Amino acid sequence: MKEDRYYVQRISEQVFVIRERLSADGGPEPDDRIIRSFTIGHDASQYADGMNAKQKKLDEQYGHWVQSPSEER
């Protein structure tokens, strides 16, 4: 099963960050880029899910992990 590109990392009780995996093949790494932070875990999860959905559409159109949804403008 392919891992999602964006994931939520809990930093503390009230700090959650969205991170972007550096590698399509590996799991979370300490150098993964931080995209955004949230104070509510549910909001962070919804954001990551939305980013992953956009990324899957880009993957279908252009190939695996070609462009980041945050770069889409």
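Note that the structure is a prediction, hence the values are computed from the model and not measured.
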Rounded to the nearest 0.5 Å, what separates atom [atom1] in [X] from atom [atom2] in [Y]?
X	Y	atom1	atom2	result
Tyr7	Asp49	OH	CG	15.0 Å
Ile11	Thr39	CD1	OG1	13.5 Å
Ile35	Met51	CD1	CE	5.5 Å
Asp59	Arg5	CG	CZ	7.5 Å
Glu20	Ile34	CD	CD1	12.0 Å
Arg36	Phe16	CZ	CZ	14.0 Å

Problem set entry | Pair Arg21 + Glu29, salt bridge at N-O below 4.0 Å |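 So Arg21 does not pair with Glu29 through a salt bridge.
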For this session: Starting from the C-alpha separation in whole Å, work towards a yes-or-no answer on side-chain contact (heavy atoms from CB on, under 4.5 Å) for Lys56 and Asp4.
Result: CA-CA 9 Å; Lys56 286 176 185 165; Asp4 287 332; 3.4 Å; yes
For this session: For atom CD of Gln61, decide whether the heavy atoms of other residues, nucleotides or ligands shown that lie under 6.0 angstrom number more than 12.
Result: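 More than 12 heavy atoms, drawn from other residues, nucleotides or ligands, come within 6.0 Å of this atom.
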Exercise. Below 4.5 Å, heavy atoms only, C-beta onward: do Val8 and Val17 meet side chain to side chain?
Worked result: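 Of all side-chain heavy-atom pairs linking Val17 with Val8, none is under 4.5 Å.
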Problem set entry | Set of residues satisfying salt bridge (Lys or Arg N to Asp or Glu O under 4.0 Å) with respect to Arg10, sequence neighbours excluded |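 Counting only residues at least two positions away or on another chain, Arg10 forms a salt bridge (Lys or Arg N to Asp or Glu O under 4.0 Å) with Glu13.
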Exercise. Does Arg19 reach the main-chain N or O of Pro30 with its side chain, forming a donor-acceptor pair under 3.5 Å?
Worked result: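 Confirmed, Arg19 side chain pairs with Pro30 backbone.
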